Structure formats: structure tokens, C-alpha cells
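Naming: A, B, ... by sequence-line order, numbering from 1 per chain. Only this structure's heavy atoms are used, side chains among them; waters, hydrogens and symmetry mates stay out. Just so we're clear, the structure is a prediction, and the values are computed from it rather than from any experiment.
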Amino acid sequence: MNRVGRLWRWWLAQTSRRETAETMALFRIGVGIALVWTIATAWISGALDLAWTDAAAGGYRTLSETPTLKLLGGPTPEVIQGLMTACIVSGSLLALGIGGRLTALVALQVFLPLTRMNTHSGGSLEHLLTNALWLLVLCRSTATWSVDCRVRDGRWTSDRMIGAWARWLVLAQIVLVYGTTGLQKSGSSWTPLGGFSAVYFALRDPAWQRFDIPWLGWLSIPLAMSTAAVWLFETGWVIVPLLLWWRVRPGAGGRLGAFVRRVDPRPAILAFGAAMHLGIFVMMEVGTFSWLTMCFYVALWSPAEIRSFVSKKARTARRSARIATRASASPAESATSSQA
Amino acid sequence: MARYWPQLRALLILLHLVAITLMALPAPVGSERADTYEVQEVKDQLEQLSSALERVGISASPAEIAETLISTSGRFLQARRAVLKPFRPYYRWAGTRQGYRMFSGVSHYGNRLHIEIEEGDAWRTIYLAHSEEDWRWGTFNHELSRSLLYRYVEPRYRKRWKAIARWAAREAGRDFPSATRVRVSWRHAPIQTPAQSRAGTWPDARSRTTRTIRIDR
């Protein structure tokens with residue numbers, strides 16, 4: 001067999017691998033929450049009046065008519081609010097795990113026109129959210145930890161297997177997000193030429209900051225270090241799939257491979273990513289982007305690892321509850337015995 | 001069909017990966033337009049690049065660099081469009097469009113939206129970004145609004161900026177019945193450098209782009 005044939009057989013074997021659905025279930029819950037959050041805040045804040053209202057209904061511009069919008073009768077306030085309601089309902093159903101892939105497909109198709117009618121009012125968040133919804137259309141994410149599972153199997157958990165490729169596609173997507181955003185950070189502020197001042201200026205830019213911190217200049221050295229660290233972290237994501245591959249392949253990857261087999265890099269990746277996104281969330285107004293991005297991190301762990309983590313935590317919680325019950329029962333027991 | 005499903009699935013997964021990777025690859029979108037080089041931040045970057053090249057013995061003025069960038073990025077984007085064309089329906093219907101240029105060139109200039117109304121002979125601020133004057137604060141501070149306002153500072157969106165000003169005037173006219181005119185401005189100012197922040201000084205070069213609109217009742 002030639003090289004291409006061998007490569008194809010290997011690819012076929014990888015894409016045929018199956019696993020339980022805990023990772024994709026967590027991803028589904030996170031994405032459902034992100035969709036509800038995105039739409040509900042646009043509605044409650046009044047951003048809808050500015051960004052998603054057509055000129056004919058008092059908006060500042062004529063909104064683009066996507067094929068779906070045309071089919072529904074154009075971007076009238078009733079149609080837009082109907083789509084937003086459908087987003088909130090389908091996002092909630094997605095988080096609860098009702099309706100399987102169909103719910104994800106509906107959520108995607110009602111959200112897409114909202115992202116396309118005014119392309120100036122969106123960006124990376126909308127791209128990431130629609131990609132996440134499409135991945136949920138492709139896989140059976142309600143196989144476990146869902147109302148669907150409860151109805152089908154009579155319990156909340158299930159050992160049903162789904163294609164492992166779904167988790168790898170989630171991982172591929174987040175690698176693309178970080179890798180390409182890192183590679184495109186070419187402005188001089190991200191380099192020694194601009195004194196690694198990008199994080200400082202991003203935090204001081206009124207366009208994105210939640211609040212201004214005039215004394216931030218006192219932190220210029222740690223902020224310069226964090227600029228370099230953020231760039232390295234984001235660009236470094238392109239090797240994360242390799243690290244994961246080496247972890248399960250004894251002998252692969254040379255010294256770096258041996259190192260990641262000895263020391264699991266995933267907790268460090270999660271800790272850095274969580275700290276960075278928490279910082280962004282607290283200091284800047286970028287919508288649900290931080291939350292949604294963190295949802296993709298679940299793909300770093302296999303369902304078996306998530307399952308074992310959850311059952312360990314559940315055992316600890318049960319043990320703590322037993323100890324607490326005994327502790328609260330003992331004073332009463334001692335009081336009873338002293339009365340006797 | 002079931003017999004060939006694993007093969008087909010492997011092919012579809014591969015195509016998905018190719019489609020999203022091609023679209024996500026860095027592309028110099030915007031660099032092919034001459035008006036991009038009118039933006040102050042871009043001018044500053046070109047100046048920096050020109051002096052950096054000068055230091056290594058390459059002489060290129062900011063205008064020459066801009067010209068080279070316009071022509072090369074134009075050719076690159078044309079080739080990119082041709083490569084992505086077969087995948088367009090997939091991006092459109094499956095929502096697999098990509099684009100993650102986040103904080104690629106961080107701005108050194110801050111722009112704050114300022115809205116005032118005229119009541120009698122006096123002007124009164126009703127909204128100023130990051131201040132206590134917070135009329136329709138929720139609307140202007142949501143990520144959707146910030147995305148569009150961030151764009152509309154650029155000269156190429158002049159028409160949209162005027163439309164936003166008219167919209168704000170209409171809304172303010174409704175909420176403040178005594179107002180006769182509305183003034184909507186961008187307050188531009190360089191962001192304090194770290195050294196200025198430590199010294200507690202503020203940059204001087206401040207300017208305003210203003211639209212004044214009479215309220216028709």
C-alpha cells in the first residue's frame with residue numbers, strides 16, 4: 001500500500017473511534033448558556049434598538065436581508081424579536097439537552113440571520129458561537145447528561161457511544177481561534193518595537209474597557225510580561241494537538257514528548273487560559289466571548305477523564321455530607337444520653 | 001450506504017477541517033484599501049516600520065511601504081477569494097465562517113462617544129462614555145454596540161457615523177421633550193502612555209468630531 005493509502009487508513013481509523021459523550025455534553029451545556037446570555041443581554045440592554053433595528057422601524061441603517069430573513073418577511077421588529085425568542089428557547093433547550101441535534105440546528109438557523117443582518121455589530125464572538133452550534137448539529141451531544149437521556153434510558157447518565165471526532169473538531173476549532181489570533185497580533189505593541197505595551201493599551205482603550213484605571217502605568221512591567229505571555233500562549237496553541245498526541249504515544253515527540261508524558265500540561269493550559277479570560281471578562285466588555293472560549297477547553301479532556309473527575313467529586317461530596325449529618329446528629333445524641 | 005459511511009464520514013471531516021483552516025488563515029483584510037492608511041494608528045505603525053527598516057539599511061518611506069502593502073495584499077486576497085469560493089455555501093449555511101483578528105493592532109488613541117442636548121440656551125451632557133452621564137448606558141455599552149461604534153470612528157465609515165448621530169438625536173428628542181438640538185461627538189485623545197500614567201499627566205492633542213442636529217417636533 002502506498003503512503004497516501006496508509007495515511008487514509010490511519011485517518012479512517014481515527015475518525016471511526018468512539019467514546020462516551022460527557023465532554024460533548026459539557027460543551028453543549030456551555031454553548032446553550034452562551035447563546036441565551038448573548039441574546040438576552042442584547043435585548044435587556046437595548047443594544048437591539050441600535051444594532052438590530054431596521055431603518056424602516058427607526059434604526060440607524062437598513063439591515064441586510066439574508067435568505068432566511070427574506071423568507072420570514074424581512075427584518076421587521078416582529079421577525080427579529082421572534083428570532084431572538086427562538087434563540088433563547090433553543091439555547092435553553094440545548095443546555096437542558098432536549099431535542100438532540102434538531103435543537104442545535106434550529107438554534108443555529110435562527111441565530112445566523114441575526115449575525116448577518118448588521119455585520120458591523122459583531123465579530124469573533126458570533127463566528128465562534130455559530131461554529132460551536134454547527135459542531136453540536138454534527139454530533140449526538142445529548143447522549144448523556146440530558147433530558148433526552150433521562151426520557152430515553154430512565155436515568156441522567158448513559159454509556160452510549162458517539163464519534164470521538166466531534167471532540168477533536170471542538171479542539172481543532174479552538175486551536176484555530178487561538179493560533180490565528182496570535183499570528184495576526186502583528187501590531188508593534190505586541191513586539192519589543194512597541195515595548196510589549198499591547199495589554200496596557202488594550203486595557204486603557206475606552207472602546208472595550210469596562211472601567212478606566214488611570215494608574216495602570218505603574219503595572220507596565222508586569223503588563224509587558226503578560227503581553228509577551230499572552231502572545232506565546234495564543235500562538236502556542238498550534239502545538240496543543242501534538243502534545244495531546246504525544247501524551248498517549250510512548251516514545252513519540254522526543255524530549256518534549258517524554259516531558260508531557262511525565263507532566264500533564266493541560267491543567268497549566270487551563271489555568272493560564274482561565275486567568276486570561278477572567279481578566280478580560282472583569283476588565284473589558286467583550287460579551288460572552290470569554291465564557292464561550294472556555295467552553296472549548298473541555299475538549300482537552302476525554303469523557304473517561306471527565307467521568308472519573310465527576311465521580312471522585314461526587315464521592316467527596318457524599319462523604320462530606322455524611323460527616324456533616326453525623327456532626328449535627330451527635331449533640332442531640334449526647335443531650336439525650338445526659339437526660340437519661 | 002452503511003458500508004461506505006465510515007469512508008464518507010472521514011472525507012467529510014477532512015473537508016470540514018480544510019474549509020475552516022483555509023478561512024481562518026491570517027489574511028490582510030483591509031490592507032488592500034488606500035483609506036486604511038489614513039487612520040492615525042496605521043500611519044504611526046508605518047512610521048515605526050520605516051525607521052526600523054532604516055536602521056537595518058533599507059530605505060523605504062511610509063508611503064512606499066503602504067503602496068507595496070496595497071498591491072501585495074490585493075493580489076493575496078484575490079487568490080484567497082478564489083480558493084475559498086467552493087466552500088462559500090458551507091460557510092454561509094453551516095455558520096462555519098472564521099475570523100479572529102482580535103486586538104491585532106492595539107489602538108493608542110481613545111475615542112469616547114459624547115451626547116449633549118440643548119435646553120433653552122444651555123448645552124447639557126446626557127451621555128459620555130465612562131462617566132456618570134449615562135443616558136442609554138446599556139445600549140451603548142453592550143458588545144454589539146461597541147463593535148459598531150469602534151468601527152465608525154474610521155473615516156471610511158463617515159456615512160454610518162452620521163446615521164448613528166441622527167439616530168441618537170431622534171432617541172434623545174423622544175426622551176427629553178424640552179431639548180431643541182442634539183450634539184453628538186467623538187472625543188478623540190491619545191491614550192496616556194505608561195510613563196504619562198505614572199506621572200499623572202494627560203496627552204494634549206485632543207480633538208472632537210461633532211454633528212449637531214435640530215430636533216423636528
| query | Looking only at side chains, do A:Y60 and B:W161 share a donor and an acceptor under 3.5 Å apart? | reply | no
Most heavy-atom pairs under 4.5 Å with chain B, out of A:V177, A:L183, A:L128, A:D205, belong to A:V177
So, the part of A:F201 with a heavy atom under 4.5 Å from chain B: the answer is both
With chain A, the option among B:S197, B:A165, B:A163 that has the most non-hydrogen atom pairs under 4.5 Å is B:S197
By residue number, those in residues 148-155 of chain B with heavy atoms under 4.5 Å from heavy atoms of chain A are B:L148, B:Y150, B:R151, B:Y152
Highest number of heavy-atom pairs under 4.5 Å with chain B among A:R204, A:M284, A:R210 belongs to A:R204
Of A:S188, A:P67, A:G194, the largest count of non-hydrogen pairs under 4.5 angstrom with chain B goes to A:S188
Answer key: most heavy-atom pairs under 4.5 Å with chain B among A:H127, A:E126, A:Q14, A:R61 is A:H127
Note: vs chain B, highest number of non-hydrogen pairs under 4.5 angstrom among A:T180, A:L50, A:T130, A:N118 is A:L50
Discussion item. Between B:H114 and B:T125, do the side chains contain a donor N or O and an acceptor N or O under 3.5 Å apart?
Written reply: yes
Cut-off 4.5 Å, heavy atoms of chain A, and the answer for B:L49 is neither
So, the part of A:Y178 with a heavy atom under 4.5 Å from chain B: the answer is neither
- Query: Cut-off 3.5 Å, side chains only: do B:H108 and B:T193 have a donor facing an acceptor?
  - Reply: no
From the list B:P28, B:G110, B:G99, the residue making the most non-hydrogen contacts under 4.5 Å with chain A is B:G99
Assert top hit (heavy-atom pairs under 4.5 Å, partner chain A, pool B:Y157, B:W137, B:W5, B:Y109) equals B:Y157
Of the listed A:A42, A:S45, A:G187, the one with the largest count of heavy-atom pairs under 4.5 Å with chain B is A:S45
- Query: Are B:H188 and B:N111 close enough that a side-chain donor and a side-chain acceptor fall under 3.5 Å?
  - Reply: yes
Under 4.5 Å to a heavy atom of chain B? For A:L193 that would be both
What one should report as the nearest heavy-atom pair of A:A299 and A:R167 is O-NH1, 3.2 Å
By residue number, those in residues 105-113 of chain A with heavy atoms under 4.5 Å from heavy atoms of chain B are A:L108, A:Q109, A:L112
Bottom line for A:E234: the part with an atom under 4.5 Å from chain B's heavy atoms is neither
From the list B:P6, B:P26, B:G105, the residue making the most non-hydrogen contacts under 4.5 Å with chain A is B:P26
Counting heavy-atom pairs under 4.5 Å with chain A, the top scorer among B:R136, B:Q48, B:R166, B:R92 is B:R92
Would A:E65 and A:K70 pass as an ion pair if we require N to O under 4.0 Å?
no
